Amino acid sequence: MKVIIAEKPSVGREIAKVFGATTKKDGYIEGKGYTFTWAFGHLLQLAPPQEYGYFGWSVQNLPMLPPKFKLSIRKVKSKDGMIEDPGVKKQLDIIKALFDEATEIIVATDAGREGELIFRYIYYYLKCKKPFKRLWISSQTDAAIKEGFRNLKPGTDYDTLFNSAHCRSQSDWLVGMNATQALSLASGNKGVLSLGRVQTPTLAMICSRYLENKNFVPQTYFQVAIQPDKDGQSFRAIHDKNFKTCEEAQVVLDAVLPTGNILSVEAKPRKEPPPLLHDLSSLQQEANKRKGFTADHTLSLLQNLYEGKLVTYPRTGSRYIGDDVFAGVPALIDGFKEHADFGKQAALLSGAKLSKRSVNAKKVTDHHAILPTGEKPYQLSADQQAVYDMVAGRMLEAFHQDCIKEITKITVLSGNKFMASGTVIQTPGWRAVFNDKDEEKKDEENATLPKVVQGEELPIINKGILEKQTKPKPLYNEATLLKALETAGKEIEDEELREAMKEGGLGTPATRAAIIETLLKRTFIAREKKNLVPTPTGLAVYEIVKNQQIAQAELTGSWEKRLEEIRGGASVAAFQEEIKSYTREITQELLRSGKGMAAKVTA
DNA sequence: GCAAGGTC
């Protein structure tokens, strides 16, 4: 009997379907001489400190450097504290029984570092010795699965990938557990002051932006505006210079004549291509902007829709689909012809030439972009419906035509030169789906300018000085923070580190919502209207760590670079030694500097 | 009581 193990039930079932296996059992499916089972993501985790003899939280234990890491079953909170997750335990027993019967195992966890780790942790925890092969596919269509099975790889081909995954896992444990205990203990053990490779740079970003915003000193500046009139339709034109003083502006104002001469009129069409399909992060950002949903809430709504088979896999980091999935898109679009809000646009797109901007198999990673499945939704909650419509609407947008705008620039001479600009949408294209205002241009005045020609002389019906102030960068909200986490590392000076981070940023699509929730749970940050702002505790932690490596996105960059080298065959031991040495260092440093917190965190 | 990673 050959056993195929997937990362999650949906993929296990999909593969079973391709094989024509139909006998459903508890936790697996049988048929055609194969057995198809699955994990639920990580079933196992590195064992907590007490399993190595580090009892309680104590300076004497620090730094905790287990000579050999152990694995333990994923825990869940219950009324008696943390207990082994019963569902996980049960599935692990099922997997064990199947592995015991197996002649061969086929690994079908997601094609990536964590997917490899999910399987290997199970395999080593169960002390399994059976041979295994690897299925490596990035699309779960029938054709891709069949092709993958014709091309199974030897399991050992992925040993170095497992090594890099295991190092990632151990390093996060060592640095996170030790730094957390060190700071918590040093500050008087009044509560958990957690630190980690991802959460601490995230906290630092929120704090640093908050302080920058709070300490910002606005500068006043002055602009000079005139209002020419063309046959009763007036518009505003502004002198292109900003003045530091009102007096300087007054000079320009005084020079304004009773009329203005049109020096030039420039009208240029601009094509605006449709947006890409959604990945999790972009959808979380949109749901936060449109509906004020938190990243966590959006993820859980999407998980519901996914379990109801209404949308494809949600925790994806790709905004593209392959050609195989694209082949099914026209039928999906047809399915929305009756939709209350965008039925008209679906009908318009039906049979039209579709934009292929979101079609690129090379940019599909473990999973493709989020799409509706074509199943008809039934009795969705208002929030579920809202998210579902964002997925469906984005699909219509992504395959729609360009939006064509006309951008007009008018230069008027009246003593000095004044400029007016306006944007008019000529063909809405993809913008017709939601019919939203263009966010960036919302403030811009003169959306429509009157038709004027060069050489025309227009009366100036009004003129004046505008007093304005420079504005600070805005505080982070969930949408802008998610974006910042995605792009974290883009500013790093070291080219190699920047390169190592360019794929991922900080955290992963699956974990970013949880990171924000962790910082809220620790009361390091709080929600203030739509913004995320630090609390006094968060700021105190930031003050202690802000100049240390653990608060920099670069730490992830340097790890990613080394982990990639390990995947290519480089020494595991060398990296592990460096991590241990860094762990000793940061533990010492925090035990010392954390004392400065003691006074600040007395609640 | 603690990390980051995955998922129901």
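Residue numbering restarts at 1 for every chain, and letters A, B, ... go by the order of the sequence lines. Scope of the values below: all heavy atoms of this structure, side chains included, with no hydrogens, waters or symmetry mates. Everything numeric here is computed off the predicted structure, so don't read it as measured data.
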Using a 4.0 Å heavy-atom cut-off, does [X] contact any base of the nucleic acid, only the sugar-phosphate backbone, or nothing at all?
| X | value |
| --- | --- |
| A:Asp110 | sugar-phosphate |
| A:Tyr121 | nothing |
| A:Gly507 | sugar-phosphate |
| A:Pro9 | sugar-phosphate |
| A:Asn189 | base |
| A:Val198 | sugar-phosphate |
| A:Gln50 | base |

Rounded to whole Å, how long is the line connecting atom [atom1] of [X] with atom [atom2] of [N]?
| X | N | atom1 | atom2 | result |
| --- | --- | --- | --- | --- |
| A:His42 | B:dA3 | NE2 | P | 16 Å |
| A:Leu301 | B:dC8 | CG | C1' | 15 Å |
| A:Ile95 | B:dT7 | CD1 | C1' | 13 Å |
| A:Ile516 | B:dG5 | CD1 | P | 13 Å |
| A:Asn178 | B:dA3 | CG | P | 12 Å |
| A:Lys75 | B:dC2 | NZ | P | 13 Å |
| A:Met82 | B:dC2 | CE | P | 7 Å |
| A:Glu7 | B:dG5 | CD | P | 14 Å |

Does [N] have its OP1 or OP2 closer than 4.0 Å to a side-chain nitrogen or oxygen of [X]?
| X | N | result |
| --- | --- | --- |
| A:Gln45 | B:dA3 | no |
| A:Arg197 | B:dG5 | yes |
| A:Gln303 | B:dC8 | yes |
| A:Thr511 | B:dG5 | yes |
| A:Ser194 | B:dA3 | yes |
| A:Arg522 | B:dA3 | yes |

Partners of A:Tyr320 by ring-ring contact (aromatic ring centres under 6.0 Å, His included), sequence neighbours excluded?
-> none
Would you mind telling me which of B:dG1, B:dT7, B:dA3 lies closest to the side-chain atoms of A:Gln199?
-> B:dA3
With respect to the side chain of A:Asp172, which nucleotide from B:dT7, B:dG1, B:dA4 is positioned closest?
-> B:dA4
Should the pair A:Lys8 and A:Tyr306 be classed as cation-pi, given the thresholds of under 6.0 Å to the six-membered ring centre and 45° from the axis?
-> no
Identify whether NZ of Lys or CZ of Arg in A:Arg562 sits under 6.0 Å from the centre of the six-membered ring of A:Phe575 and within 45° of that ring's axis.
-> no
Close aromatic pair by centroid cut-off 6.0 Å: A:Tyr124 and A:Phe162 = yes
Under 4.0 Å between a Lys/Arg side-chain N and an Asp/Glu carboxylate O for A:Lys291 and A:Asp383?
-> no
Do A:Glu517 and A:Arg527 sit within salt-bridge range, that is, some charged N less than 4.0 Å from a carboxylate O?
-> yes
Can you establish whether the number of heavy atoms outside A:Arg567 located under 6.0 Å from its atom CZ is more than 12?
-> no
What parts of residues 307-316 of chain A reach DNA chain B, counting only heavy atoms under 4.0 Å away?
-> A:Glu307, A:Tyr313, A:Arg315
Would you say whether A:Trp57 stacks on B:dG1? The test is a distance between ring centres of less than 5.5 Å and an angle between planes of less than 30°.
-> yes
Mind checking salt bridge (Lys or Arg N to Asp or Glu O under 4.0 Å) for A:Asp100 and listing every partner two or more places apart, or none if nothing turns up?
-> A:Lys96
Nearest-nucleotide wise, let me know which of A:Met64 and A:Leu43 is further upstream toward the 5' end of DNA chain B.
-> A:Met64
Start at the 5' end of DNA chain B and walk down; is the nucleotide closest to A:His367 or to A:Gln181 reached first?
-> A:Gln181
Scanning both residues in full, the closest heavy-atom pair of A:Thr160 with A:Gly569 reads CG2-CA, 4.1 Å
